[in-house]
Amino acid sequence: MTGQQQSPALSVEGLTKDYPGVRAVDDVSFAIESSTVHCLVGENGAGKSTLVKMLTGALQPTTGSMTVRGSSYEPSNTKDARAGGIATLFQELHVVDELTVLENLTLGMEQSRFGFLVKSDLDERVVQTLAAIEPSIDPSARVASLSVAQKQIIEIARAASSGANVIIMDEPTAALSEREVERLFGVIRRLRETDVTVIYISHKLDEIFRLGDAVTVLRDGKHIATKPLSEVAGRSELIEMMIGRSVFQDYTPRTTVTDDAVLIAKGLTNTLLKDVSFDINRGEIVGFYGLVGAGKTEIARALFGADTVSGSILFKGQEVGRSPKEAIAAGIALVPEERRTQGLFTSLTIRENIPVMNLQRLSNRGVFRSSVELEAAVEYVGKLNIATNSIDKYAEKLSGGNQQKVVLAKCLFADADLLLLDEPTRGVDVGAKAEIYDIIRSVADEGNSVAVFSSELEEVLGICDRIFLLFDGSLEAEVINGADVDAAYILNVVTGGREGVLQ
Amino acid sequence: MMSQSSTLDQPSATRDNRITQFLRSYYIYFVLVAVVVLLSMANLDKFDLFERGNFLNHRNIINVLRVSAPLLTLAGAFTLLMVSGYIDLSVGSTMGLSAVVYAMLAINGVPFLAAFALTMVVGAGLGAINGLLVVRLKITPVIATLITLSLFKGVALLLVQDGVSAIKSGGGLKIPSWFNSYGREGTLLGLPMAFWVAVVVTLVLVIAQNRTLLGKYAAATGGNPTAAKLSGINTGKIVMLLYVIVGVSAALAGIARSSFMSLGDPLSGDGMELSAILVVLIGGTAFSGGEGRVLRSFIGALIIMALTVGMLTIIPAYYQTLVLGAALLAAAASNHLISRKETAL
């Protein structure tokens, strides 16, 4: 690398971001050398995304400073960030399908005279940039005909040809196949040769060792280390830095767990899932733990019949998994990941939301019985401690935690025997989190089963009796929760350490 | 620019995809030929409107092109607006109001060019009102232009005196003789000015679509608004400009029709929004935006007009609206089938 004499591509000094009651990023200082691939790792909630948002101008730091190539850098929006030479590869793609590759690459940067497009060296320059990082893409092809991976490369080429010195990539491989990942890595390496610095965020530790020059570890918002990857002694050291303390755990073995398998799934397979088999017992809380894209949501949706998979799902001896209607009738309820768009009718009131999964209970031979609705609303608002001054409050006006409780109430009202909870505490504050955990435990104590699909280790270790570890669509291992549970082992498995052996 | 044809050679394009692409680009011309051939085979002997014998007859063709002028004028601008993901349901009312204004100017002694220019300014203003409602007040395009459909028509009706249905000669005032010639009398190849204006407008918009920022930004705005904004494109300005262009085109269409009919009829544009949507859909423009060609809509307009005029002679009047509706359904369905095929890849 040539970066020894040069000032760093980017450095942060004492960077802190406070939210009400939480310090998301706490006095973080480190520097990123020019023309390197710099990896950023940390568990969920370690502060990575908050840090990135400050780098891209989406958030402003509470205190601290940032420096780009030796000069002070204070972006107040993404436009400022681009002017400062920092581009972000968003997870959702921002390309125009209807235009050609070349038209996409020059979008917004065209040369024109009196509104007429004129030929310029820009076209040639972007074509060269694209050819340098990925020669197989035809600049005159319509973007609609490209794969997701190719579209991603178009965006990278766009950032590079617009003069970005630093490109931030947040989990860029989440939606890519193995071959596409290899190609993306080729692109990133060639970018590095053209003096572009890449900040690479990923949970997949293999990728970090294969690609990175240096790594910065964050934990609980604090900066733990920044060092060249050549000085990191393998996965185990990285994992140790990420976990640090022994994981806080308040799990106490539950007594109502039975050996009576209520759900048996065999050989679930689709585009992502690879021959996943497991069973869930009556009264048990099981966890499905894995990174984003490991297949958690896919399993939940398969059990609920929302997606088609091959394989068989037996629930109480009866075949399910063909449609959500069938699942609900059999006693399975899903609390989806996107609660605002998939779980809740935000423009309806609490009272109207609770019975929607089981409207038959409100009907007396087709006539609506508002008294039952009222009773149910009052009952569940009290039981789940939903903080509201009225049951007629619109769901969109509630906090994240209370919205989630309404979604839970919906499932409870439907008399579900198996609750599937996809990321049940995402975007929920600490207090409501504890309450939701209590609700989950009491539901299971009553003899129902609960499956928690989560990417937070603390969450699954806190409430689940048994944890299935997922990586890349396959079920890698099963862990019985207890005092002797090995967090480092779990993290190793879900980040791609097969066979679960720590080096 | 890279050569256009190399699109077909790229490795990821499957054979299926290429066929789809070909159909998408050229099917409209086949449809036009098919319609003309079908109409030519029909027996027109019984009808007065046409020469005996063949549909492909000099006078019949001129007739069709002459009455097509308003729709042909409007098709291009309407296409660009729909490419950007927006719509204007008020075009018929803009036409009607423009027709009334134009006739009032003419009947009060304003010379041709001045009346022509002033009416275009009115059209631009009406388009700007639509643009403001949609861009500034952020009213959904369908709702906003439904409101102005009603408002513009209301104004047009007020401008016409009580007891008369349209601005026409009478009460000491007389529609001047030049008024009629613009839309009716042949100037070049036996076709009136109004038709040639439609051709020029279309040519200008074809160039605008292929060679200017406006064309590219319209496609970007309709294709992926977020991407467009992130690329620093002022999408609001683009949409505003397109509404103004549609307004001007609708005014020109209004002039053409009032000239053809020799009167300023406030209702002369009624139903035009449906015809325009039909034409644009037949031309293969995606209802969701991003995709569409000005020239193909122009051809689509010719198809619709040939069908309409042809049907006058073949099919009893009661069936015509039904047949047009069926054509719209077929266009929408084939549009959907083609685009679904592409996304399935």
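Letters A, B, ... mirror the listed sequences (proteins, then strands); counts begin at 1.
- A:Arg113 does not touch chain B: none of its heavy atoms, backbone or side chain, sits under 4.5 Å away.
- The environment of OH in B:Tyr217 is crowded: more than 12 heavy-atom neighbours from other residues, nucleotides or ligands sit within 6.0 Å.
- Within a 6.0 Å radius of CZ in A:Phe185, more than 12 heavy atoms belonging to other residues, nucleotides or ligands are found.
- Without hydrogens or angle criteria, B:Asn224 side chain to A:Val95 main chain gives a donor-acceptor distance under 3.5 Å.
- B:Leu213 touches chain A through backbone and side chain together, each having a heavy atom under 4.5 Å away.
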Side chain to side chain contact (heavy atoms under 4.5 Å, CB included) between A:Leu117 and B:Thr212, worked out: CA-CA 5 Å; A:Leu117 292 161; B:Thr212 69; 5.6 Å; no
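- When all heavy atoms of A:Glu103 and B:Lys216 are compared, the pair lying nearest together is O-NZ, 2.8 Å.
- One finds the CG atom of B:Asn210 at 11.0 Å from the CZ atom of A:Phe116 (value rounded to the nearest 0.5 Å).
- No more than 12 heavy-atom neighbours from other residues, nucleotides or ligands sit within 6.0 angstrom of CD on A:Glu74.
- Between chain A and the options B:Gly232, B:Ser231, B:Ala227, heavy-atom pairs under 4.5 Å are most frequent for B:Ser231.
- Between chain B and the residues A:Leu93, A:Val101, A:Thr106, A:Asp97, the most heavy-atom pairs under 4.5 angstrom are made by A:Thr106.
- Annotation for B:Ala219 and A:Leu99: closest pair CB-CD2, 3.6 Å, computed over non-hydrogen atoms.
- Of the atoms belonging to A:Leu107, heavy atoms from both backbone and side chain fall under 4.5 Å from chain B.
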